[in-house]
Amino acid sequence: MTKPITIYGIKNCDTMKKARAWLDSHGVAYEFHDYKAAGAPKEKLKAWAGGVGWETLLNRAGTTFRKLPDAEKEGLNERKALALMLEQPSMIKRPVLDVGGKLLVGFKPEVYAKEVGASGKRGRA
């Protein structure tokens with residue numbers, strides 16, 4: 001039995017393109033959840049923050065975060081960070097890959113090979 005895989009992100013993000021190309025080239029079936037089209041799922045975001053930490057999820061390097069007024073960047077805590085990510089999903093680090101409940105945040109081919117490659121090759125969904 002194979003684990004269900006969902007990749008969360010934004011269609012035109014370069015890192016997302018690399019991650020999806022890796023999955024496709026390795027014959028990994030997955031569902032794609034586009035934040036721009038479908039929004040960021042509030043309950044999932046809370047659960048992810050509980051699992052990997054809000055600091056891991058928040059994309060501080062992205063343009064959207066960098067353009068925030070300094071007052072909004074100061075005193076960040078989980079509640080404030082989650083509100084920012086829900087309001088502007090491009091502030092969520094990409095991709096978030098859910099491999100049967102295990103989360104991988106960001107794209108590193110060697111991590112995908114270890115964590116996703118082990119779940120077996122399948123046709124694309």
Test item: [X] and [Y] side chains (from C-beta on) under 4.5 Å apart, heavy atoms:
X	Y	answer
Y8	K44	yes
K42	L82	no
K11	F32	yes
M91	T64	yes
I92	L45	yes
N59	R94	yes
H26	V116	no

| query | Are a donor atom and an acceptor atom from the side chains of Y30 and D24 found within less than 3.5 Å of each other? | reply |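 Yes, a side-chain donor-acceptor pair sits under 3.5 Å.
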| message | Tell me whether K17 at atom NZ has more than 12 heavy atoms from other residues, nucleotides or ligands lying less than 6.0 Å away. | response |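 Enclosed: over 12 neighbouring heavy atoms sit under 6.0 Å from NZ of K17.
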| message | Between Y35 and L97, is there shared hydrophobic-cluster membership here, with clusters defined by ILVMFWY side-chain heavy atoms closer than 4.5 Å? | response |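 Each belongs to a different hydrophobic cluster.
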| task | For K80, enumerate each residue passing the side chain to side chain contact (heavy atoms under 4.5 Å, CB included) test, keeping only those at least two apart in sequence or located in another chain. | result |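 In terms of side chain to side chain contact (heavy atoms under 4.5 Å, CB included), with neighbours along the sequence ignored, K80 is linked to L76, N77.
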| V52: what forms a side chain to side chain contact (heavy atoms under 4.5 Å, CB included) with it, not counting sequence neighbours? |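 V52 satisfies side chain to side chain contact (heavy atoms under 4.5 Å, CB included) with T56, L57, L103, V105 only.
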| message | Given 3.5 Å as the limit, does a donor-acceptor pair link the side chain of K73 with the main chain of R66, or not? | response |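 Yes, the answer is positive, given that a donor and an acceptor are paired below the 3.5 Å cut-off.
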| query | Can you tell me if H33 uses its side chain to pair, donor with acceptor, with the backbone of G39 under 3.5 Å? | reply |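 Flag set: sc H33 to bb G39 pair under 3.5 Å.
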| said: Looking at every heavy atom in both A40 and L86, which two are closest together, and how far apart are they? | reply: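 So the two residues come closest at O-CD2, 3.7 Å.
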| Taking all non-hydrogen atoms of both residues, which atom of Y112 and which atom of P95 are closest, and how far apart? |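 Closest pair (atom of Y112, atom of P95, distance): OH-CG, 3.3 Å.
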| field | Qualifying residue, where the test is side chain to side chain contact (heavy atoms under 4.5 Å, CB included) with L58 and the options are M85, K93, E78 | value |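 Testing each of M85, K93, E78 against L58, the sole residue satisfying side chain to side chain contact (heavy atoms under 4.5 Å, CB included) is M85.
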